[in-house]
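Here the structure is laid out as structure tokens; the discussion comes afterwards.
Note on naming: letters A, B, ... go to the chains in the order of the sequence lines (proteins, then strands), and numbering restarts at 1 for each one.
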2 protein chains.
Amino acid sequence: MAKPKAARVKLLDAALALIRERGFSAMTVDDLCARASVTKGAFFHYFKSKNELGVAAAEHWSAVTSAIFERAPYHTPKAPLDRVLAYIAFRRALLRGAIPEFTCVVGTMVQETYAQHPDIRDACAASIFGHAGTLEDDIAQAMKQHDVSADWSAEGLATHMQAVLQGAFVLAKAKNDVSVAIESIDHLRRYVELLFRSRPKRIARR
Amino acid sequence: MAKPKAARVKLLDAALALIRERGFSAMTVDDLCARASVTKGAFFHYFKSKNELGVAAAEHWSAVTSAIFERAPYHTPKAPLDRVLAYIAFRRALLRGAIPEFTCVVGTMVQETYAQHPDIRDACAASIFGHAGTLEDDIAQAMKQHDVSADWSAEGLATHMQAVLQGAFVLAKAKNDVSVAIESIDHLRRYVELLFRSRPKRIARR
DNA sequence: AGAAACATACCAACTGGTTGGTATGTAAAT
DNA sequence: ATTTACATACCAACCAGTTGGTATGTTTCT
């Protein structure tokens with residue numbers, strides 16, 4: 001027999017796929033159960049409501065993605081600026097396959113739910129800004145090393161990077177073509193390079 | 001009695017509001033009719049289906065917004081770069097009031113419909129990229145004047161600017177706070193300044 | 001150790017309200 | 001006298017959520 005709680009995980013994985021394909025509102029509980037090969041009884045055993053599943057899906061997304069980013073190779077460069085640029089390169093490299101395979105679940109979901117379902121919105125915000133937070137240290141170190149004392153903060157730049165990525169996804173969906181997203185990420189890389197190259201380096205490295 | 005076709009316009013205006021508040025999928029035809037103070041008969045007199053209304057709403061949004069942008073004051077500066085920067089300042093200034101009052105209808109709608117309703121997706125794409133197109137000339141002129149011969153194009157930068165704006169909206173919804181969006185637009189302004197200031201000006205103006 | 005009591009993990013059938021859409025009507029404009 | 005611009009009444013399909021179960025552990029009592 002399958003492990004206990006198998007249905008819950010299958011439902012959450014199905015939710016990630018369906019939200020990326022159709023969005024949260026258009027995804028029905030029946031769709032979800034069919035995709036997960038589970039009955040409706042199982043769904044309501046694990047989730048009190050569709051909204052509660054929305055929150056759980058955002059948390060599941062956070063768990064899945066943070067595992068990917070923790071193990072990703074962009075942490076290895078010694079210079080903090082190089083880690084930031086490697087992150088951008090990594091995000092660029094992730095844009096492979098069909099659109100629902102690389103777009104952001106919580107970015108999609110929050111657009112539909114922010115006003116009607118504050119708990120889902122907050123779970124999405126935690127996912128996005130939590131991920132942005134993982135970039136702050138590298139950016140702050142790069143700012144120090146390059147003597148950047150600007151009117152912007154490490155937190156603000158990390159957030160802006162997420163904005164560019166989210167916007168790139170929206171445009172890719174509209175054009176039904178990844179290449180616009182890639183172009184935007186290239187602009188983001190250029191921006192970060194310009195931000196740090198416009199100032200002299202404190203330590204001559206590389 | 002009210003003018004003929006009044007119901008159509010009322011329905012389209014209601015659609016713009018409801019899509020911004022709840023998204024396209026969560027907006028029902030009954031919602032729409034109630035908001036527009038119109039009966040369902042009127043709705044299906046003007047639109048064959050909800051999807052067709054989606055397409056019409058995107059086109060209506062294009063018409064409404066292009067009228068605003070045409071009359072906006074950012075076209076007056078003589079230097080093309082200043083017009084581009086004035087556009088960014090104008091977009092920044094538009095971020096007033098509650099979130100559904102400044103976010104983008106087609107950016108929201110396309111995220112939910114891109115895979116299921118290609119005609120809506122295409123109408124949204126036409127709106128976004130059509131608007132981006134209105135910026136290309138100014139950017140191209142600025143590139144010429146500042147001797148920028150880069151590995152990016154006027155079209156690409158115009159598109160990137162829309163990506164930043166769309167992403168800013170997503171993040172504002174997630175955080176339920178405009179300020180993240182403003183911060184991102186400030187980063188966009190800084191990027192454009194850096195792009196053109198890193199090259200010498202051909203003509204000393206301003 | 002064995003039985004009783006309880007909890008967990010599901011499943012299939014059902015329900016009441018909602019949804020997009022239709023069928024039919026009517027008053028006004030052309 | 002048509003066509004246009006709506007309104008009213010209605011429907012079949014669909015939807016989130018419920019009900020009442022079964023099968024399989026796990027814990028507790030004796």
Side-chain angles (χ1 to χ4, degrees), chain A residues 1-19 21-60 109 112-113 115-121 123, chain B residues 1-19 21-60 109 112-113 115-121 123:
Chain A
M1 189 196 158
K3 287 176 190 173
K5 297 219 173 185
R8 196 185 132 92
V9 174
K10 280 198 286 181
L11 281 164
L12 287 171
D13 287 336
L16 299 190
L18 283 170
I19 291 166
E21 286 169 27
R22 313 181 193 181
F24 179 75
S25 306
M27 168 185 76
T28 72
V29 175
D30 285 324
D31 288 341
L32 218 33
C33 296
R35 177 79 63 119
S37 304
V38 148
T39 61
K40 238 173 158 179
F43 180 92
F44 283 101
H45 173 70
Y46 286 109
F47 308 103
K48 275 201 296 195
S49 65
K50 190 190 166 188
N51 286 344
E52 202 187 271
L53 165 105
V55 174
E59 287 161 358
H60 185 55
M109 188 158 46
E112 303 175 68
T113 56
Q116 312 283 314
H117 310 297
D119 44 348
I120 297 179
R121 180 196 66 212
Chain B
M1 190 200 159
K3 287 176 190 172
K5 297 221 174 185
R8 196 186 132 94
V9 174
K10 280 198 287 181
L11 281 164
L12 287 172
D13 286 337
L16 299 190
L18 283 169
I19 291 166
E21 286 168 27
R22 314 181 194 180
F24 179 76
S25 305
M27 168 186 76
T28 72
V29 174
D30 286 326
D31 288 340
L32 219 33
C33 296
R35 176 79 62 117
S37 304
V38 147
T39 60
K40 240 173 159 180
F43 180 91
F44 284 100
H45 172 69
Y46 286 109
F47 307 103
K48 275 200 297 193
S49 66
K50 190 190 167 189
N51 286 343
E52 202 188 270
L53 166 104
V55 173
E59 287 162 357
H60 184 55
M109 188 157 48
E112 302 175 68
T113 56
Q116 312 282 316
H117 310 298
D119 43 348
I120 296 179
R121 180 196 67 211

Any B/His45 side-chain N or O less than 4.0 Å from OP1/OP2 of D/dC6: no
Nearest-angstrom distance from the residue atom CZ of A/Arg8 to P of C/dT8: 14 Å
Close side-chain approach of A/Leu12 and A/Phe47, heavy atoms under 4.5 Å: yes
Pairwise side-chain contact, A/Met109 with A/Leu16, heavy-atom cut-off 4.5 Å (strictly under): no
Heavy-atom pair with the smallest gap, counting every atom of B/Val38 and B/Phe43: CG1-N, 4.4 Å
Euclidean distance, atom CG of residue A/Asp30 to atom P of D/dT18 [Å, nearest integer]: 14 Å
A/Phe44 side chain, from C-beta outward: closest of D/dT18, C/dC11, C/dG20: D/dT18
Residue A/Ala42, side-chain heavy atoms: nucleotide from C/dC11, D/dA16, C/dT8 that is nearest: C/dC11
Donor-acceptor pair under 3.5 Å, A/Lys50 side chain vs D/dG17 base: no
B/Lys10 NZ to D/dA5 C1', straight-line distance once rounded to whole Å: 12 Å
Donor-acceptor pair under 3.5 Å, B/Lys48 side chain vs C/dG21 base: no
Nearest-Å distance for atom pair CZ/P, residues B/Phe43 and D/dA9: 20 Å
Candidate nucleotides C/dC10, C/dG21, D/dA16, ranked by approach to the side chain of A/Thr28 - the nearest: D/dA16
Side-chain donor/acceptor contact of A/Lys40 with base of D/dA16 under 3.5 Å: yes
Among D/dC15, C/dA9, D/dC6, the one nearest A/Tyr46 by side-chain distance: C/dA9
Side chain proximity check, B/Glu21 to B/Arg35, heavy atoms < 4.5 angstrom: yes
